[in-house]
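Please read the structure below before turning to the comments.
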Amino acid sequence: MTDGASGSDSGKPAFSSGGTSLDGYFDQLDVSILTALDLVLAKKVARNVVLEPASEEDLEAELKMLRGQ
């Protein structure tokens, strides 16, 4: 059975480029949230994390130096 949108036989629905981009956005959001939680709560080496800072990077955090390392 072929998918009418893509002509593929994989049985999976064909995704538009918009859907693929949205999936990538949600993946990036998940990684950003997990990174922020790790830096701020688990490791306690940052007070905040900025998503999409002015430097146009994906995320940015100012890390504290740990004593004795």
Side-chain angles (χ1 to χ4, degrees):
M1 178 171 177
T2 61
D3 183 340
S6 68
S8 70
D9 288 325
S10 67
K12 294 181 183 178
F15 291 102
S16 68
S17 60
T20 302
S21 296
L22 190 58
D23 286 343
Y25 169 78
F26 284 129
D27 287 343
Q28 180 179 347
L29 185 60
D30 289 344
V31 169
S32 297
I33 290 169
L34 291 174
T35 300
L37 290 172
D38 184 48
L39 293 174
V40 175
L41 297 178
K43 294 180 181 168
K44 298 181 181 180
V45 295
R47 288 185 142 177
N48 60 38
V49 175
V50 179
L51 297 177
E52 300 295 335
S55 64
E56 297 185 13
E57 294 294 331
D58 291 332
L59 64 102
E60 180 176 276
E62 188 172 317
L63 304 180
K64 296 185 277 186
M65 294 292 291
L66 297 177
R67 295 179 193 196
Q69 290 188 3

Following the transitive rule for hydrophobic clusters with a side-chain heavy-atom cut-off under 4.5 Å over Ile, Leu, Val, Met, Phe, Trp and Tyr, establish whether [X] and [Y] coincide in one cluster.
X	Y	result
V45	V31	no
L29	L59	yes
I33	L39	yes
L63	V50	no

Rounded to the nearest 0.5 Å, how far does [atom2] of [Y] lie from [atom1] of [X]?
X	Y	atom1	atom2	answer
R47	E62	CZ	CD	10.0 Å
L37	S32	CG	OG	11.0 Å
D38	L34	CG	CG	8.5 Å

Heavy-atom closest pair, residues A61 and N48: CB-O, 3.8 Å
Over 12 non-hydrogen atoms of neighbours within 6.0 angstrom of CD in E52: yes
